[in-house]
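In listed order, ligands and their atoms are each counted from 1. Hydrogens, waters and symmetry mates play no part in the numbers below; they use all other heavy atoms, side chains included. Index from 1, following the sequence.
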Amino acid sequence: MISFLDLSAQYKELKSEIDAAVARVLESGQFVLGSEVAALEEEFARYSGAQYAVGVNSGTSALHLALLAAGIGPGDEVVTTPFTFYATVAAIGYIGATPVYVDIDPSTFNIDVRRMEAAITQRTRAILVVHLYGQPADMDPILDIARRHKLAVIEDAAQAHGAEYKGRRVGAIGDLGCFSFYPTKNLGAAGEGGMVTTNNQEYARTLSLLRNWGEERRYHPVLKGFNYRLPAIQAAILRVKLKRLEQWTDARRALAAEYDRLLQDTSVTTPPTLPDTRHVYCLYTIRSENRDELQRGLAAAGIQTAIHYPTPIHLMPAYADARYKAGDLPEAEATARTVLSLPLYPQLNGAQVAEVAAEVARLAHRKIQEPLLTRR
Ligand SMILES: Cc1ncc(COP(=O)(O)O)c(C=O)c1O
């Protein structure tokens, strides 16, 4: 049995340090924000190459506050991808703005910058890019389009802690970066958590106010804010894990390279990477024309897989939008039918990767083998 993810293996690796960090918070009696959160913010800002980082209680809250801090509001349009976890689009809805979808580039799973300009109207105020699965979106042309049209660039880096584009860490490339510390992410809390990064001091101040009721000081709100505070226990645990993140990312990348090598002659498509980027493989997602059959075959062999994501946002009933129908965003729709994420986490070992790859190879034969065999 190979599980898709094993969070208890991660805890075992760091048990004594995590237990000590939790005990430190319990003894301090300071459970909400405070010095642990401030220390994590400083350490995470340094890690991401951003000047400021503001801890919040989830990646979704990070997106919500980033959009508010950038001044986006009702009636505004936000250009984004239809192929993401729906929190990206939900956050646009929270502020009363309208998502405008640009189809993806199927080779990277990320928003297709070549189609972006056509989606921009008089009402467009921001581009919300997602670094899906841990692969950076193609930021240079995105920043160029944003500059020409005076748009804010918000990065949904929920799956991309430490990912790099041309030597720069994601979250510090656009105006605001949004991270999730959901337990399954590359840096995960023992519960919920999130972070917004920025190089803009004014945004950082607004974010700090908004996450804590808009309070400048106790019972003196200067903005209508939220209770989006990051608990101190989560910050203390995240600080322990942050120290391991580079090592874990290297392990993810090495295992991904091994999958790439072992699957190269099969009929599945391994995840391509843009040149000059550092993909951090929050998810190792392949494509297969026979995805459902492959997933069933792997399950029968005791190998857990997952589908990220089975439906693009514009085709989800909860996000139905009269402007979009099936067929409008064909690349996202075809990708949703073919993607399959294989087990990948830092504590997985090479033998397990080899076992998964062997089973995938057995189920998804070589592309050129079938015609050769039938000809013989
Ligand atoms: C791309 C993306 N955006 C946003 C989120 C939301 O983060 P959270 O679950 O921490 O609210 C997630 C993760 O769940 C995600 O994968």
Exactly one candidate in K12, K241, R244, R239 meets salt bridge (Lys or Arg N to Asp or Glu O under 4.0 Å) with E17; the answer is R244
Output for ligand 1, non-hydrogen cut-off under 4.0 Å, lists S58, G59, T60, L63, T84, F85, A87, T88, V130, D156, A158, Q159, S180, K185, G193, Y309
Lys/Arg N to Asp/Glu carboxylate O, R169 vs E246, below 4.0 Å: yes
Across all chains, not counting sequence neighbours, the ring pair (Phe, Tyr, Trp, His ring centres under 6.0 Å) partners of Y203 are none
Applying side chain to side chain contact (heavy atoms under 4.5 Å, CB included) to K15 and not counting sequence neighbours gives Y11, D19
Quick note, salt bridge (Lys or Arg N to Asp or Glu O under 4.0 Å) partners involving residues 203-232, not counting sequence neighbours, are E41-R211, R205-E216, E215-R218
Check your understanding: Would you say V100 and L329 are hydrophobically clustered, going by side-chain heavy atoms of ILVMFWY under 4.5 Å?
Key -> yes
